[in-house]
Amino acid sequence: MQHSTALADSDKKRISVPKHLIISLLTILAIGPQYFLNLSYTVNQMIIQHGLNLSTNQMAIPSILSNLAFALGVPVGRVLSLKYGVRRIYLLFIFIFLAGSMTDIFSAGLDMLIVGRTVQGLSAGILFLTILPVKLRSFPNHVRHWFLFFVISGLFGSSAIGAFFGALSLNADAWRWLFVINIFSSIVCLMVGALSLPKPETNQEGDYHIDKTGVFILTLIMAVLAVPLIHLQEEGFSSYLVWPFLMAAFFLLVLFIAIDWQVVNPLVPFRALWNAKPISGTIMAVSAHISLIVALAGINGFLRNNMDLPFSYLSLFYGWFFLGIVATALFSTFFYDKWGAGVLGIIGSLLVIYVGTEWRSLDSSVSIHTLYFQVACLGSGVSMVLVSGALGTALAGDLHQASMRSVSLHFIRNFLGALTAPFLGWYAYMKNAVHYEAIRDQVDGLNPEVNSELEGMVRTFIQQGLSAADAKSMAAYSLIANAKRSAILGAYHDLFTIFVCLGVIMLVASLGKTVTGKGRSLVKKEKRLLLPAPNEDQQSHDDKGDNSE
């Protein structure tokens, strides 16, 4: 009987799943779907736009509001979990994310899509710092370096997989099934979370005081910012729907920082970053996050407007992006503790600068295989710098304030990221117009080279059987189409110039991080306790006995 009981206990231990793997699953399936949706929505927005009969500007509204809501949710999630416990907040907002996904599936127009995406953004933002710190703490010391692998491959990998599935949805000419994936992941999180997350103790709640003034002001900032960000691309900074609201948001942000700097439990503890190590790590993470937005905006537009690739090639492109992220996840796992955040940041920054320099001169003659390699380098470089900077910031100093440094960094990162996409849209639109006007001036000025090219196209079309009048019309149309393509390509080159500048900023911040020291390791060296030999214990006891006599 005892033997069978021992076997049963042995089998139970053998099939039990380690806690850190369960928490990793709960983290990736809770936060990953938001990153998945952001990239898939960017890639396949064409079919959503046609399916719901929306304009290009209208298509941007759900993304803008979702990103603002995510940035708002990041600090709010931390204080809610401190107040009410991780289990309760996690399960509640997983359910809310599920409701947002179902709203998206049944969207018949813009309004429901906006509601669904905004609800998803807010709930995913709240979940971000509710479950991510739990994930780090759940890893035993001897395998804690594998935390990096799951964070990079899980969260950054979700972005790459989202882009991959976005390309697949273009090929299938259907988009609602992507939200079904989110429903499935939410259901898994609800079931596993309900079984594995510990219930809070009865005396745990009610001790933490939430900065309600900070929550109110930050919510007001996001609401005010939504107006100019939605209207910026079409109307520019001179519009009364843009610059007055930007000024109001700026003054509210200054007020928010001033208030949160003074309170005991600030919503966003900016003062926790007031040191050389956290500042350099924050610059690394923020610039890497923005550079990824810039690079993907430019390369997505280039592939769509200048390469005219089949959707199967587009899927392979983002598959290579994912492979680069996985390679960095493994590399960082084994070398973060040995080299530190600064050295990894330098390596990642150099990869970013290489890609940006190459993409500044992109044209339609580039080999798709070259782009495969370069987008893998992009995924490797950006993820290496961002995660190294974020983790280096959290571990830079007193560990009791690690969560305060993390929430400040991730709020700044996501807040500036939410602002970046609309500003990039306006910048690319403006640059496209400038380049097109410059090309049209060359054509209107009766440039001999342009006239010679036009005459050559007319002769070619006549040889193909067109009449002289039709050949001239077709040549003029081709010239205008080529001018538009060249103009937008020039705008993408300008975006990649910004990308290179961000890479340089990342490199300088990584050098600063290196100068300030390697920092604390993930895996702590365990101290060995040297016990005295038995004969030494006996000798010591005998000596004490002699002294007492």
Side-chain angles (χ1 to χ4, degrees), residues 17-41 66 70 73-74 77-78 81 86-87 89-98 100-101 120-121 123-140 143-166 178-197 289 292 318-319 321-330 332-333 379 382-384 386-387 390-391 394 406 410 413-414 522:
V17 180
K19 179 183 177 182
H20 61 277
L21 294 182
I22 296 175
I23 299 298
S24 295
L25 176 72
L26 293 176
T27 304
I28 293 169
L29 294 184
I31 306 170
Q34 176 69 9
Y35 294 100
F36 174 93
L37 284 177
N38 284 345
L39 263 293
S40 64
Y41 188 89
S66 178
F70 187 92
V74 168
R78 171 179 167 268
S81 61
V86 170
R87 176 188 173 89
I89 296 302
Y90 181 87
L91 295 177
L92 172 62
F93 283 94
I94 282 290
F95 181 79
I96 293 174
F97 187 90
L98 173 62
S101 299
Q120 286 177 318
S123 53
I126 288 175
L127 289 167
F128 187 82
L129 286 183
T130 295
I131 192 64
L132 194 61
V134 179
K135 178 180 178 180
L136 177 58
R137 292 194 299 267
S138 69
F139 276 75
V143 294
R144 192 165 292 151
H145 55 297
W146 283 99
F147 166 82
L148 281 170
F149 176 80
F150 286 102
V151 166
I152 297 174
S153 62
L155 300 187
F156 274 93
S158 297
S159 297
I161 293 172
F164 175 81
F165 275 91
L178 293 173
F179 294 102
V180 176
I181 298 175
N182 292 328
I183 289 177
F184 173 75
S185 66
S186 298
I187 292 174
V188 172
C189 286
L190 284 173
M191 295 173 60
V192 177
L195 293 173
S196 59
L197 289 175
H289 182 71
L292 181 62
Y318 288 111
F321 182 51
F322 178 72
L323 287 178
I325 290 170
V326 173
T328 282
L330 287 170
S332 300
T333 296
V382 170
S383 58
M384 192 180 299
L386 198 159
V387 175
L391 191 58
S406 289
H410 289 297
R413 176 175 69 85
N414 288 287
L522 276 173

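We use all heavy atoms of the structure for the numbers below, so side chains are in, but hydrogens, waters and symmetry mates are not. Quick note: residue numbers are just sequence positions, from 1.
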Derivation of the side-chain contact (heavy atoms from CB on, under 4.5 Å) call for Val387 and Ser332 = CA-CA 9 Å; Val387 175; Ser332 300; over 6 Å; no
Go through the structure and list residues passing side chain to side chain contact (heavy atoms under 4.5 Å, CB included) with [X], not counting sequence neighbours.
X      : answer
Ser186 : Ile94, Phe97, Leu98
Thr27  : Ile23, Ile31, Ile131, Leu132, Lys135
Phe164 : Leu168, Ser315, Tyr318
Leu21  : Val17, Pro18, Phe150

key: Derivation of the side-chain contact (heavy atoms from CB on, under 4.5 Å) call for Leu292 and Phe156   = CA-CA 11 Å; Leu292 181 62; Phe156 274 93; 4.1 Å; yes
Calculate, to the nearest 0.5 Å, the distance between atoms [atom1] and [atom2] belonging to [X] and [Y] respectively.
X      : Y      : atom1 : atom2 : result
Ile187 : Leu29  : CD1   : CG    : 12.0 Å
Ser66  : Asn38  : OG    : CG    : 5.5 Å
Leu190 : Tyr90  : CG    : OH    : 8.0 Å
Leu522 : Thr333 : CG    : OG1   : 9.0 Å

If the condition is side chain to side chain donor-acceptor pair (under 3.5 Å), which residues does [X] pass it with, not counting sequence neighbours?
X      : value
Ser159 : none
Arg144 : none
Ser123 : none
Thr130 : none

Partner set under ring-ring contact (aromatic ring centres under 6.0 Å, His included) for [X], not counting sequence neighbours:
X      : result
His289 : none
Phe149 : Trp146
Phe36  : Phe165

Compare every heavy atom of [Y] with every heavy atom of [X], then report the nearest pair and how far apart it is.
X      : Y      : answer
Cys189 : Ala30  : SG-N, 3.8 Å
Ala124 : Gln34  : CB-CB, 3.6 Å
Ile183 : Ser101 : CG1-CB, 3.8 Å
Pro33  : Ile28  : CD-O, 3.5 Å
Ala394 : Ser406 : CB-OG, 3.3 Å
Phe322 : Ser153 : CE1-O, 4.3 Å

[X] vs [Y] side-chain heavy atoms within contact, under 4.5 Å:
X      : Y      : result
Phe184 : Val188 : yes
Leu26  : Ser196 : yes
Leu391 : Phe147 : yes
Ile161 : Leu39  : no

key: Stepwise side-chain contact (heavy atoms from CB on, under 4.5 Å) check, Val74 with Arg78   = CA-CA 7 Å; Val74 168; Arg78 171 179 167 268; over 6 Å; no
ask   = Got a donor-acceptor contact below 3.5 angstrom from the Ser185 side chain to the Asn182 backbone?
value =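 Flag set: sc Ser185 to bb Asn182 pair under 3.5 Å.
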task = Take the angle between the ring planes of Phe139 and His20 and call it parallel below 30°, perpendicular above 60°, tilted in between.
result =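 Judged by the thresholds at 30° and 60°, the geometry between Phe139 and His20 is tilted.
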